[in-house]
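Below: the structure, in structure tokens.
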Number of protein chains: 4
Amino acid sequence: MPKTNAEKQENIIKAAGIVFSQKGFHQARMDEIAEAAGVAKGTLYYNYSSKSKLFAATVTCGLNRIMAAIEAELASDLPFLDHLRAIVATIIRLYISNKEVTRIYANEMSSGIEDEVRSEIKAVREQFTAFVEAQLQTGQEKGYLAPLPSHLSAVAVIGIIDALCSHHLEHPDLHSPDELTDTVFTILSSGLARNRQAGE
Amino acid sequence: MPKTNAEKQENIIKAAGIVFSQKGFHQARMDEIAEAAGVAKGTLYYNYSSKSKLFAATVTCGLNRIMAAIEAELASDLPFLDHLRAIVATIIRLYISNKEVTRIYANEMSSGIEDEVRSEIKAVREQFTAFVEAQLQTGQEKGYLAPLPSHLSAVAVIGIIDALCSHHLEHPDLHSPDELTDTVFTILSSGLARNRQAGE
Amino acid sequence: MPKTNAEKQENIIKAAGIVFSQKGFHQARMDEIAEAAGVAKGTLYYNYSSKSKLFAATVTCGLNRIMAAIEAELASDLPFLDHLRAIVATIIRLYISNKEVTRIYANEMSSGIEDEVRSEIKAVREQFTAFVEAQLQTGQEKGYLAPLPSHLSAVAVIGIIDALCSHHLEHPDLHSPDELTDTVFTILSSGLARNRQAGE
Amino acid sequence: MPKTNAEKQENIIKAAGIVFSQKGFHQARMDEIAEAAGVAKGTLYYNYSSKSKLFAATVTCGLNRIMAAIEAELASDLPFLDHLRAIVATIIRLYISNKEVTRIYANEMSSGIEDEVRSEIKAVREQFTAFVEAQLQTGQEKGYLAPLPSHLSAVAVIGIIDALCSHHLEHPDLHSPDELTDTVFTILSSGLARNRQAGE
DNA sequence: TATGAATGAGTATTCATTCAT
DNA sequence: TATGAATGAATACTCATTCAT
């Protein structure tokens with residue numbers, strides 16, 4: 001019994017993740033994904049009706065894994081700011097360790113994908129935004145966060161993390177993940193401005 | 001006087017900007033750009049040796065225009081935080097009003113473009129990052145900004161603005177540009193956290 | 001039993017031979033070859049990665065068939081001059097009956113073909129020259145042939161046959177293949193000059 | 001007055017000769033010929049109505065020059081065999097020193113050229129064959145040459161010379177022009193066979 | 001369930017030719 | 001007479017998708 005069914009599916013998604021993240025949606029060829037997964041091209045179509053659908057499955061699966069991991073780690077009772085820092089650190093760590101999905105997520109929501117599939121991916125993305133927004137709203141309700149429009153804040157938070165992680169993936173040697181976390185957390189907690197609490 | 005030479009070139013770049021931003025690099029067809037520009041396909045190739053080169057010219061030209069506009073507007077002597085808010089407002093306004101370039105810039109740096117061209121575009125992007133970083137460093141030196149790694153800060157600032165503007169371009173009715181500016185500025189100046197100076 | 005795999009390949013090579021010989025390498029269109037072979041254009045590329053590669057396969061395959069046929073016919077113990085005449089007659093007959101390949105061979109070694117492919121064809125051509133040269137060397141060693149540089153002689157022999165066969169294919173009614181054979185053999189055995197053995 | 005009219009025309013033909021011989025008819029680009037001739041592309045069309053016409057002019061002009069040179073050199077009263085050797089030596093020398101034209105002549109009579117132009121070139125070629133045939137007929141009439149079909153003989157003679165010269169242009173170091181001449185003359189005068197007059 | 005040979009619509013690119021100047 | 005910017009028809013090649021086995 002060399003491979004169970006689920007293992008094959010996983011193989012395909014894993015191979016697709018690698019190839020899509022290296023080449024991007026349009027440059028990735030089904031031939032290449034099939035070869036990377038160790039199956040025939042027909043098998044790809046036997047399991048996913050089109051390239052777009054395979055792409056959607058790849059991204060959805062990856063983001064779901066990330067979200068599940070975040071939720072698993074964050075069932076905490078930390079004070080809010082510690083909670084926020086933990087969220088940021090976790091997202092950054094998972095982004096970086098799932099770099100295939102991250103690259104896709106950050107770069108390939110672009111044009112040229114079947115609308116139906118685009119919608120599916122957008123939906124997952126918005127699910128993620130909503131997750132972050134929920135955390136922020138909790139913080140607002142508890143009085144820890146300023147009453148900014150929470151959806152915009154969530155978008156901004158994800159935007160910062162996306163940008164820094166993309167930068168890190170391109171230049172891995174310039175900054176450590178910890179530095180990224182510190183930077184993001186500092187900006188989120190007190191902004192760029194010098195802390196005026198210091199009495200200035 | 002039908003068209004001067006420069007006008008024709010501008011027409012092509014303008015048409016390319018519109019088509020590339022609507023369809024993305026790979027989905028855009030040279031036929032369509034030619035038709036949109038009102039020239040024959042051969043003319044495109046007479047002026048730009050390949051689709052990639054035309055793409056590079058389009059993005060470079062657009063970003064340069066944005067950077068020039070920003071610099072022109074910001075020769076100011078405002079107090080630093082006002083200066084920062086002005087920068088943010090200006091970038092957001094120009095991003096939104098140059099939405100063709102912005103969409104390309106935000107979505108199409110991805111894979112599948114000739115390396116040479118990719119490098120050119122990356123260079124322009126980094127030029128822009130460097131411009132923002134320079135402003136932040138000035139603020140640090142004057143003591144207005146906390147001593148965060150200035151390059152990461154610049155990346156983060158651009159990441160926030162990108163994310164919010166992309167969000168705005170997809171959902172133009174949810175928030176006004178002013179709200180965007182406020183959100184970004186608030187985050188940058190004091191973070192998401194409720195201002196603790198207030199004594200709470 | 002519609003077609004075996006090998007039959008399809010043969011169909012393609014055969015169709016390619018006809019089209020290449022009629023139109024020449026550059027004028028031949030892949031569409032036309034596909035149609036002539038009764039397959040889709042993609043099938044051509046599925047089997048041969050480029051037009052040049054298909055061309056190389058066509059020529060190589062044709063010349064190999066000719067050489068095999070010559071060798072099969074010439075396993076003889078004839079006296080040398082009869083052997084020489086038999087070779088000449090055989091080559092001429094095969095050249096004419098494989099006129100597609102001959103036309104290609106004679107006319108299309110020219111410029112504008114990928115270097116790699118050109119080399120492959122040249123190699124086959126030189127194999128053929130070497131084959132003729134070997135026959136001539138045997139004749140020299142046995143004392144039947146004058147000690148001319150054998151490689152030049154082989155080139156010359158092929159040159160004569162090429163020229164006469166090309167001429168014959170353009171003007172089939174002027175001379176019979178037998179006349180061609182006689183002319184070539186006479187020149188090779190005693191030159192153009194009146195036979196001085198006759199005592200003059 | 002930098003250039004006379006005729007000089008410009010000559011420049012164009014000369015440049016065309018070089019480019020056509022290097023690239024072949026189809027691979028040669030009018031742009032490149034124009035640049036090599038130091039004129040604008042329009043000027044080519046001002047003087048020759050099409051690429052094919054320019055090609056025809058180039059070949060015709062080159063072959064005419066060769067034929068004129070041969071005739072000029074051969075106004076001799078040598079004994080016939082010496083005359084034949086002189087013709088051969090002259091043709092070989094001129095072939096090699098006009099290698100641009102020779103390469104075209106040998107390789108590019110192939111398919112894919114406008115029929116009208118092809119005919120023109122064929123005509124020049126046949127003029128050349130006729131010239132050689134005339135020399136051979138004189139030899140036959142004077143009893144020096146065997147009564148072979150003189151047209152076939154002429155074709156064969158040119159075939160040998162073509163083949164050896166092409167070979168020489170590809171491998172210039174293997175044999176000297178004198179060796180070529182000796183080989184051709186020996187074959188023509190007494191064939192490849194060992195001279196049996198010697199009584200052996 | 002899995003395969004991979006076959007398909008053919010889709011497109012970037014080339015280059016001889018034209019013509020306003 | 002000479003130019004060179006503009007043209008657009010022509011074509012090799014790609015690759016997602018299908019389907020007989």
Side-chain angles (χ1 to χ4, degrees), chain A residues 3 5 8-9 12 25-35 38-55 114, chain B residues 2-3 5 8-9 12 26-35 37-54 114, chain C residues 2-3 5 8-9 12 26-35 37-54 114, chain D residues 3 5 8-9 12 25-35 38-55 114:
Chain A
K3 294 277 171 191
N5 209 307
K8 279 183 207 165
Q9 296 262 347
I12 291 176
F25 178 77
H26 285 102
Q27 238 53 10
R29 281 176 300 111
M30 292 298 269
D31 278 309
E32 197 177 357
I33 294 172
E35 193 187 18
V39 299
K41 196 166 27 164
T43 308
L44 258 40
Y45 283 89
Y46 187 77
N47 290 282
Y48 304 91
S49 60
S50 73
K51 186 186 183 184
S52 290
K53 286 278 203 287
L54 173 58
F55 183 65
E114 282 174 16
Chain B
K3 297 277 170 190
N5 209 305
K8 279 182 208 164
Q9 296 262 347
I12 291 177
H26 284 102
Q27 237 54 11
R29 282 176 300 112
M30 291 298 268
D31 278 316
E32 196 179 356
I33 295 173
E35 195 186 14
V39 300
K41 195 164 27 161
T43 307
L44 257 41
Y45 283 91
Y46 187 77
N47 289 284
Y48 303 92
S49 59
S50 71
K51 187 184 181 183
S52 289
K53 287 277 203 292
L54 174 56
E114 280 175 17
Chain C
K3 296 278 171 190
N5 208 308
K8 279 182 211 166
Q9 296 262 349
I12 291 177
H26 284 102
Q27 240 52 10
R29 282 175 300 112
M30 292 297 268
D31 279 316
E32 195 178 357
I33 295 173
E35 195 186 16
V39 299
K41 194 169 20 165
T43 309
L44 258 42
Y45 283 92
Y46 186 78
N47 290 283
Y48 304 92
S49 60
S50 71
K51 187 183 182 183
S52 291
K53 287 278 202 293
L54 174 58
E114 281 175 15
Chain D
K3 295 276 175 191
N5 210 307
K8 279 183 208 165
Q9 298 261 348
I12 291 177
F25 178 76
H26 284 101
Q27 238 53 8
R29 282 177 298 113
M30 293 296 269
D31 278 311
E32 196 178 357
I33 295 172
E35 193 186 17
V39 299
K41 197 166 26 162
T43 308
L44 259 40
Y45 284 90
Y46 187 77
N47 290 282
Y48 304 91
S49 60
S50 74
K51 185 185 184 183
S52 291
K53 288 277 203 287
L54 173 58
F55 183 65
E114 281 175 16

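Everything quoted here is computed from the prediction, not taken from an experiment. Each chain gets a letter, A, B and so on, in the order its sequence line appears, and its residues count up from 1.
E/dT18 atom C1' lies 12 Å from atom CE of D/Met30, rounded to whole Å. Between the NZ atom of B/Lys51 and the P atom of F/dC13 there is a distance of 19 Å, rounded to whole Å. If you measure from atom OH of D/Tyr45 to atom P of E/dA20, you get 18 Å, rounded to the nearest angstrom. Across the protein-nucleic acid pair, B/Glu32 atom CD and E/dG10 atom P stand 14 Å apart, rounded to whole Å. In this structure, CD1 of A/Ile12 is placed 13 Å from C1' of E/dT3, rounded to the nearest angstrom. A/Glu35 places its CD atom 12 Å from the P atom of E/dG4, with the value rounded to the nearest Å. Remark: C1' of E/dA5 and CG of C/Asn47 are 8 Å apart, rounded to the nearest angstrom. The nearest whole Å value for the distance from the OH atom in B/Tyr48 to the P atom in F/dA6 is 11 Å.
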**Report entry** Base-pairing string, 5' to 3', of DNA chain F - Watson-Crick or wobble, under 3.5 Å, | interstrand
**Finding:** .||||||||||||||||||||
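Rounding to the nearest 0.5 Å places CD1 of C/Ile33 at 11.0 Å from OH of C/Tyr48. Rounded to the nearest 0.5 Å, atoms CG (D/Leu44) and CD1 (D/Ile12) are 5.0 Å apart. Atoms NZ and CE, on A/Lys51 and A/Met30 in that order, are 7.5 Å from each other to the nearest 0.5 Å.
Contact check for A/Phe25 versus B/His26: no side-chain heavy atoms found under the 4.5 Å cut-off.
Across the interface with DNA chain F, nearest-nucleotide mapping of B/Val39 and C/Arg29 shows B/Val39 to be the residue nearer the 5′ end. Mapping A/Ala40 and C/Gly38 onto DNA chain E via the closest heavy atom, the residue that lands nearer the 5' end is A/Ala40. DNA chain E is contacted by both D/Gly42 and A/Thr43; A/Thr43 maps to the nucleotide lying nearer its 5′ end (nearest heavy atom per residue).
Side-chain N/O atoms of D/Tyr46 include none lying less than 4.0 angstrom from OP1 or OP2 on F/dA2.
The residue A/Ala28 sits close only to the backbone: its heavy atoms come under 4.0 Å of sugar-phosphate atoms, none of a base. Residue contacts shown for B/Lys41 include a base, since a base heavy atom lies under 4.0 Å away.
A/Ala40 and A/Ala34 get closest at one heavy-atom pair: C-CB, 4.0 Å.
Distance alone, capped at 3.5 Å, places no donor-acceptor pair between the B/Lys53 side chain and the B/Asn47 backbone.
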